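The structure appears right after this line, and notes come after that.
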Amino acid sequence: MRTVAVVGASLAGLSATRSLRKQGYDGRLVVVGDEPHRPYDRPPLSKEFLAGALGEADLALEADDEDLRVEWLLGVRATGLDGADRAVRLADGRVVRADGIVIATGAAARTLPGSDGLAGVHVLRTLDDARALRDELARGGRLVVIGGGFIGAEVASTAYTLGLDVTVVEAARTPLAGPLGAEMGAVVSALHADHGVRLLCGVGVKGVSGEHRVDAVLLEDGRSVPADIVVVGVGARPCVEWLEGSGVALDDGVKCGADGRTSLAGVVAVGDCANWYDPRAGAHRRVEHWTGARERPDAAVTALLAGGAVEPAAPRPPYFWSDQYGVKIQFVGHAAGADSVTVEEGAADDRDVLAVYRRAGRPVAVLGMNQPRLFTRWRKRLAAAPS
């Protein structure tokens with residue numbers, strides 16, 4: 001291959017770029033990114049950066065002495081892919097032709113319909129999002145977070161430490177029931193109540209009110225929650241619209257094999273936009289976690305350079321972490337399908353717990369709250385288990 005194009009300049013794209021060089025690729029390497037920034041770390045955006053404890057320089061993912069010999073095309077969006085010609089069309093009219101393509105365009109935050117242009121309503125996905133929200137939180141006031149998932153919970157926790165009056169609205173009866181199951185989702189989400197943050201569950205959001213700036217969140221049950229600032233944390237959608245008509249199979253993102261290969265030869269996908277086949281589950285999964293964006297590009301790059309001739313290793317069980325109200329939360333595996341959850345260490349009421357999820361007696365997931373050492377041992381055990 002003389003040219004490889006990586007479309008997406010966040011962690012997954014950078015990880016693929018590093019892997020290409022590590023695996024011996026010495027040709028032309030072009031990285032396209034729709035943001036004007038060089039690759040940066042996203043997890044701190046909802047925590048340390050939002051609280052003002054970290055600056056922008058602290059978010060950099062590249063080492064000062066790192067030289068990957070890359071042509072960076074930043075601040076320009078990919079608008080299309082000619083699959084037959086392997087040509088990436090850009091919004092500014094340029095075309096990047098490549099022998100191999102890595103799709104790493106990630107996901108975008110879902111917005112609240114009817115809130116466009118209303119001051120005080122935010123999403124949190126990018127550095128620019130975090131800058132704007134940080135400036136607002138510094139003024140204080142009443143914050144309403146729509147969505148009790150991990151991003152919403154982290155923003156609520158950070159705002160609480162900054163002294164804001166915080167309310168979290170969650171449509172589901174139990175926050176985090178999807179990733180953690182209802183029982184442990186209730187344990188983790190109880191951190192809000194522990195710290196005096198209001199949690200309204202089982203009610204959807206009808207919209208927001210305000211003439212030029214938001215002044216309230218309107219609930220479907222008729223209630224109105226006063227708000228000076230609103231953060232919408234209702235998930236993300238994969239950024240794959242630009243691939244329509246390219247020949248790349250799409251299904252909740254880019255549909256991939258277990259090694260990241262797509263339906264087009266010479267094209268692989270990584271990161272939040274990639275719906276990989278998981279041999280452990282016997283199904284496709286799109287995993288939006290930092291660890292997957294860092295680790296899985298190695299397999300995709302191997303497949304790209306070898307043309308799929310190398311059998312991929314089974315992926316490690318997905319892992320993610322969250323920091324809320326001073327509690328370190330770690331999770332590995334898949335809670336879905338577990339038929340039991342047992343507390344192996346600590347006590348749920350103390351928010352100091354290690355819980356193991358099992359299916360037919362076999363461990364399939366582990367949750368830790370302030371149990372990093374024991375959790376690490378269990379994580380290794382799950383990774384070593386046969387698929």
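Just so it is clear, the model here is predicted, and its values are computed rather than measured. Positions are given from 1, in the same order as the sequence printed here.
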Worksheet item: Under 3.5 Å, is there a donor-acceptor pair between the Q324 and S157 side chains?
Response: no

Discussion item. Please check this pair: side chain of D278 against backbone of A283, looking for a donor-acceptor N/O pair closer than 3.5 Å.
Written reply: no

Item to complete: Give a yes or no on whether W72 and V95 share a hydrophobic cluster (residues Ile, Leu, Val, Met, Phe, Trp, Tyr; joining criterion: side-chain heavy atoms under 4.5 Å apart).
Response: no

Worksheet entry | Smallest separation among heavy atoms of L90 and A78, with atom names | CD2-CA, 4.0 Å

Item to complete: Compare every heavy atom of C239 with every heavy atom of A108, then report the nearest pair and how far apart it is.
Response: N-SG, 3.5 Å

Discussion item. Tell me if the centroids of the rings in Y40 and F49 come within less than 6.0 Å of each other.
Written reply: no

Item to complete: Answer yes or no: are there more than 12 heavy-atom neighbours, outside K328 itself, under 6.0 Å from its atom NZ?
Response: yes

Discussion item. Can you confirm whether R373 is buried at CZ, in the sense that more than 12 heavy atoms of other residues, nucleotides or ligands lie under 6.0 Å from that atom?
Written reply: no

Response to the item:
side-chain hydrogen bond (donor to acceptor under 3.5 Å, both in side chains) pairs touching residues 166-176, sequence neighbours excluded, are T167-R198

Worksheet item: Is the shortest heavy-atom distance from the side chain of L250 to the side chain of E244 under 4.5 Å?
Response: yes

Fill in: Of H284, R286, R285, the residue whose pairing with D252 passes side-chain hydrogen bond (donor to acceptor under 3.5 Å, both in side chains)
R286

Practice prompt. Kindly indicate whether the side chain of D228, heavy atoms from C-beta on, has any atom under 4.5 Å from the side chain of L143.
Written response: no

Practice prompt. Can you sort out the partners of H334 under ring-ring contact (aromatic ring centres under 6.0 Å, His included), two or more places apart, ordered by chain and number?
Written response: none

Response to the item:
Interatomic distance, CZ@F320 vs CD1@I329, rounded to 0.5 Å, equals 9.0 Å

Worksheet item: Can the ring centroids of F375 and Y319 be said to lie less than 6.0 angstrom from one another?
Response: yes

Worksheet item: Would you call V287 and W276 a side-chain contact if the rule is heavy atoms closer than 4.5 Å?
Response: no

Worksheet item: To the nearest 0.5 Å, how far apart are CG in L304 and CD in Q23?
Response: 9.5 Å

Worksheet item: Please walk me through it: do D339 and R358 pass salt bridge (Lys or Arg N to Asp or Glu O under 4.0 Å)?
Response: CA-CA 6 Å; D339 53 35; R358 291 179 172 86; over 6 Å; no

Worksheet item: What's the verdict on salt bridge (Lys or Arg N to Asp or Glu O under 4.0 Å) for R89 and D82, showing C-alpha distance, side-chain angles and the deciding distance?
Response: CA-CA 8 Å; R89 298 189 298 276; D82 183 337; 5.3 Å; no

Response to the item:
Here the pair of heavy atoms bringing P372 nearest to Q330 is CA-OE1, 3.4 Å

Discussion item. Can you list everything that forms a ring-ring contact (aromatic ring centres under 6.0 Å, His included) with W321? Sequence neighbours excluded, please.
Written reply: W290

Fill in: Minimum-distance pair of heavy atoms, taken over all atoms of L264 and G83
CD1-CA, 3.6 Å

Worksheet item: Side-chain contact, heavy-atom cut-off 4.5 Å: K255 with T262?
Response: no

Worksheet item: Hey, is the main chain of L61 close enough, under 3.5 Å, to the side chain of D41 for a donor-acceptor pair?
Response: no

Worksheet item: What's in the same ILVMFWY side-chain cluster as I146, cut-off under 4.5 Å, chained through other members?
Response: L112, L118, V121, V123, V144, V169, L200, V203, V205, V208, V214, V217, L219, V225, V230, V232, V234

Worksheet entry | Interatomic distance, T161 atom OG1 to K47 atom NZ [nearest 0.5 angstrom] | 12.5 Å

Worksheet item: So does D165 pair up with R142, basic N to acidic O under 4.0 Å?
Response: no

Item to complete: For the residue pair L133 and I229, establish whether any side-chain heavy-atom pair is separated by less than 4.5 Å.
Response: yes

Worksheet, complete the sentence: Output for pair (S10 OG, D272 CG), nearest 0.5 Å, gives 8.0 Å

Worksheet item: Should L29 and V32 be counted in the same cluster of Ile, Leu, Val, Met, Phe, Trp and Tyr side chains packed under 4.5 Å apart?
Response: no

Practice prompt. Find the distance between CZ (R379) and CZ (F331) and round it off to the nearest 0.5 Å.
Written response: 12.5 Å

Worksheet item: Between the side chain of T342 and the main-chain N/O of E344, is any donor-acceptor distance below 3.5 Å?
Response: no

Worksheet item: Has the side chain of R110 got a donor or acceptor atom that lies under 3.5 Å from a matching backbone atom of G235?
Response: no

Worksheet item: Judged by atom type as modelled, is there a donor-acceptor pair below 3.5 Å linking the side chain of R18 to the main-chain atoms of G13?
Response: no

Worksheet item: Taking only residues two or more places apart in sequence or in another chain, which ones pass ring-ring contact (aromatic ring centres under 6.0 Å, His included) with H192?
Response: Y325

Discussion item. Would you say that V332 contacts P318 through its side chain, given a criterion of any heavy-atom pair below 4.5 Å between the two side chains?
Written reply: no

Worksheet item: Can you tell me if R42 uses its side chain to pair, donor with acceptor, with the backbone of R125 under 3.5 Å?
Response: yes

Discussion item. Is it the case that the side chain of R351 and the backbone of A348 share a donor-acceptor pair, with hydrogens and angles ignored and the cut-off at 3.5 Å?
Written reply: yes

Fill in: Main-chain N/O of Y25 paired with R21 side-chain donor or acceptor, under 3.5 Å
yes

Worksheet item: Is there a side-chain contact between V267 and V102, using heavy atoms and a 4.5 Å cut-off?
Response: no

Discussion item. Checking the side chain of S263 only, and the main-chain atoms of G247 only, is there a donor and an acceptor separated by less than 3.5 Å?
Written reply: yes

Worksheet item: Got a sec, which hydrophobics cluster with L218, joining ILVMFWY side chains under 4.5 Å apart, including via others?
Response: none

Worksheet item: Counting distance only, does the side-chain N/O of D99 pair as donor-acceptor with the main-chain N or O of T3 below 3.5 Å?
Response: yes

Item to complete: Indicate, with yes or no, if V31 and V268 share a hydrophobic cluster defined by side-chain heavy-atom contacts under 4.5 Å among Ile, Leu, Val, Met, Phe, Trp and Tyr.
Response: yes

Fill in: Electrostatic pair D26-R69, nearest N-O below 4.0 angstrom
yes

Worksheet item: Is D352 close to M369 at the side-chain level, that is, under 4.5 Å between some pair of heavy atoms?
Response: no

Worksheet, complete the sentence: Value for CG (D135) from NE2 (H122), rounded to nearest 0.5 Å, stands at 9.0 Å

Discussion item. Do the side chains of R131 and E136 get close enough for a salt bridge, i.e. N-O under 4.0 angstrom?
Written reply: no

Worksheet item: For S19 and D298, what are the C-alpha separation, side-chain angles and deciding distance, and is it a side chain to side chain donor-acceptor pair (under 3.5 Å)?
Response: CA-CA 6 Å; S19 188; D298 280 345; 2.8 Å; yes

Worksheet item: Linking I/L/V/M/F/W/Y whenever their side-chain heavy atoms sit closer than 4.5 Å, directly or via other members, would L191 and V353 fall into one cluster?
Response: yes

Worksheet entry | Where P238 and C273 come nearest, the two heavy atoms and their spacing | CB-CA, 4.1 Å

Item to complete: Verify side chain to side chain donor-acceptor pair (under 3.5 Å) between T126 and E35, making sure each step is shown before the conclusion.
Response: CA-CA 9 Å; T126 69; E35 293 184 64; 4.5 Å; no

